[in-house]
Amino acid sequence: MAFWVFGYGSLLWNPGFTPVRQVKARLHDYHRSFCMLSIHHRGSEEDPGLVLALDAQPGGQCTGVAFQVADEEADKVHAELRARELISSAYYEDTVELISDEGDKIPALAYIINRDHVQYCQFDLEKQAQIIAQAVGGRGPNTEYLFNTAAHLTELGIKDAEMEWLAGRVRALTAT
């Protein structure tokens, strides 16, 4: 059966499937945060990187994109998303209610950080920049993840002051 999935980080620029439809949407009571140590995709166990996660924040808001998965691809895409997002159990899968820019309510799958998991972290922005500037994992440099996400948020007209600051700071740290 067709379903929607919420993209707020790498799914924005690399969903891994061709959506039937996509709309800008908001999720209330969560925020986008570099609060997950990446030991597979953007770092290693010895030198973790950071990736984005939805972190609970009463009164918070995260704007991203709701992607609709085609009915005939639903099982395949769901299995691929689980293999990608649940690789270390730091995320858990949940159905959340998104609000589109048109005011429509959209039930969507979202991958949310498990605050009790060993990969959950909270660092100030400078520490995040220092980690992102040097980490590399199985899917490439952590900088690529940050810059692609920041660029896609800008393309979509989604303001994220922390993301903008981090992108600028990491560019400064990695300038040669």
Side-chain angles (χ1 to χ4, degrees), residues 1-38 40-42 50-117 119-122 125 128 139 144-167:
M1 180 159 70
F3 66 94
W4 292 83
V5 63
F6 186 47
Y8 58 86
S10 64
L11 288 174
L12 292 172
W13 47 272
N14 183 20
F17 63 94
T18 302
V20 174
R21 192 170 156 223
Q22 62 185 61
V23 296
K24 199 156 65 166
R26 294 176 312 285
L27 176 61
H28 292 283
D29 295 324
Y30 290 89
H31 71 114
R32 175 184 8 257
S33 175
F34 276 103
C35 63
M36 181 176 152
L37 293 169
S38 179
H40 298 288
H41 299 316
R42 298 298 173 167
L50 288 172
V51 290
L52 292 164
L54 288 172
D55 198 8
Q57 181 186 46
Q61 176 176 287
C62 178
T63 303
V65 174
F67 295 103
Q68 188 176 28
V69 177
D71 190 43
E72 62 275 8
E73 293 185 14
D75 290 340
K76 175 181 175 272
V77 169
H78 197 192
E80 290 171 353
L81 285 169
R82 284 181 166 168
R84 170 181 172 171
E85 302 296 329
L86 303 178
I87 189 169
S88 68
S89 303
Y91 290 128
Y92 64 91
E93 182 182 270
D94 202 359
T95 301
V96 296
E97 183 177 276
L98 306 175
I99 307 295
S100 74
D101 279 358
E102 294 78 32
D104 297 324
K105 293 179 180 178
I106 302 170
L109 283 183
Y111 294 92
I112 301 167
I113 190 72
N114 173 358
R115 286 181 159 206
D116 294 326
H117 197 276
Q119 287 174 255
Y120 178 71
C121 61
Q122 289 195 319
L125 289 175
Q128 291 176 35
R139 291 205 174 169
E144 176 186 69
Y145 178 95
L146 168 66
F147 296 151
N148 280 338
T149 303
H152 278 76
L153 289 171
T154 299
E155 278 178 29
L156 292 165
I158 298 171
K159 295 284 185 202
D160 188 316
E162 287 186 3
M163 190 74 62
E164 291 170 16
W165 186 92
L166 278 168

>> Could you walk me through whether Asp29 and Gln57 satisfy the side-chain contact (heavy atoms from CB on, under 4.5 Å) test, starting with their C-alpha distance in whole Å, then the side-chain angles of each, then the deciding distance to 0.1 Å, before giving a yes or no?
In response: CA-CA 5 Å; Asp29 295 324; Gln57 181 186 46; over 6 Å; no

For a 4.5 angstrom cut-off between non-hydrogen side-chain atoms, does [X] reach [Y]?
X: Gln122; Y: Asp55; result: yes
X: Leu146; Y: Gln128; result: no
X: Val23; Y: Asp104; result: no
X: Met163; Y: Ile158; result: no
X: Leu125; Y: Phe34; result: no

Which pair of non-hydrogen atoms, one from [X] and one from [Y], has the smallest distance, and what is that distance?
X: Cys121; Y: Leu50; answer: SG-CD2, 3.6 Å
X: Lys24; Y: Gly157; answer: NZ-O, 4.0 Å
X: Thr149; Y: Ser10; answer: OG1-N, 4.2 Å
X: Val69; Y: Val20; answer: C-CG2, 4.0 Å
X: Ala25; Y: Leu98; answer: CB-CB, 3.9 Å
X: Ala90; Y: Met36; answer: CB-CE, 3.7 Å

Between atom [atom1] of [X] and atom [atom2] of [Y], what is the distance when rounded to the nearest 0.5 Å?
X: Ser100; Y: Arg26; atom1: OG; atom2: CZ; result: 7.5 Å
X: Arg82; Y: Tyr91; atom1: CZ; atom2: OH; result: 16.0 Å
X: Phe147; Y: Leu166; atom1: CZ; atom2: CG; result: 10.0 Å
X: Asn14; Y: Tyr145; atom1: CG; atom2: OH; result: 10.5 Å
X: Asp101; Y: Thr63; atom1: CG; atom2: OG1; result: 7.5 Å
X: Phe6; Y: Glu97; atom1: CZ; atom2: CD; result: 12.5 Å

>> Under a 3.5 Å cutoff, is there a donor and acceptor pairing between the side chains of Arg139 and Ser38?
In response: no

Is [X] atom [atom1] crowded by more than 12 heavy atoms from other residues, nucleotides or ligands, each under 6.0 Å away?
X: Glu162; atom1: CD; value: no
X: Arg115; atom1: CZ; value: yes
X: Asp94; atom1: CG; value: yes

> Between Gln119 and His40, does a side chain to side chain donor-acceptor pair (under 3.5 Å) hold up when you go through it step by step?
Replying inline: CA-CA 11 Å; Gln119 287 174 255; His40 298 288; 5.4 Å; no

>> side-chain contact (heavy atoms from CB on, under 4.5 Å), that's the test. Do Leu81 and Glu93 meet it? Break it down for me.
In response: CA-CA 10 Å; Leu81 285 169; Glu93 182 182 270; 5.8 Å; no

> Given the rule in the side-chain contact (heavy atoms from CB on, under 4.5 Å) test, do Val51 and His41 qualify, once you have shown the distances and angles that lead to the verdict?
Replying inline: CA-CA 9 Å; Val51 290; His41 299 316; 5.6 Å; no

>> Walk me through whether Thr95 and Leu109 qualify under side-chain contact (heavy atoms from CB on, under 4.5 Å).
In response: CA-CA 5 Å; Thr95 301; Leu109 283 183; 3.9 Å; yes

> Distance-only, no hydrogens or angles: does the His117 side chain make a donor-acceptor pair with backbone N or O of Ser88 under 3.5 Å?
Replying inline: yes

>> Is it the case that the side chain of Tyr8 and the backbone of Ala110 share a donor-acceptor pair, with hydrogens and angles ignored and the cut-off at 3.5 Å?
In response: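 No: the side chain of Tyr8 does not pair with the backbone of Ala110.
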
> Is the Phe17 ring parallel, tilted or perpendicular to the Phe67 ring (thresholds 30°, 60°)?
Replying inline: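 Taking Phe67 first and then Phe17, their aromatic rings stand perpendicular (interplane angle over 60°).
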
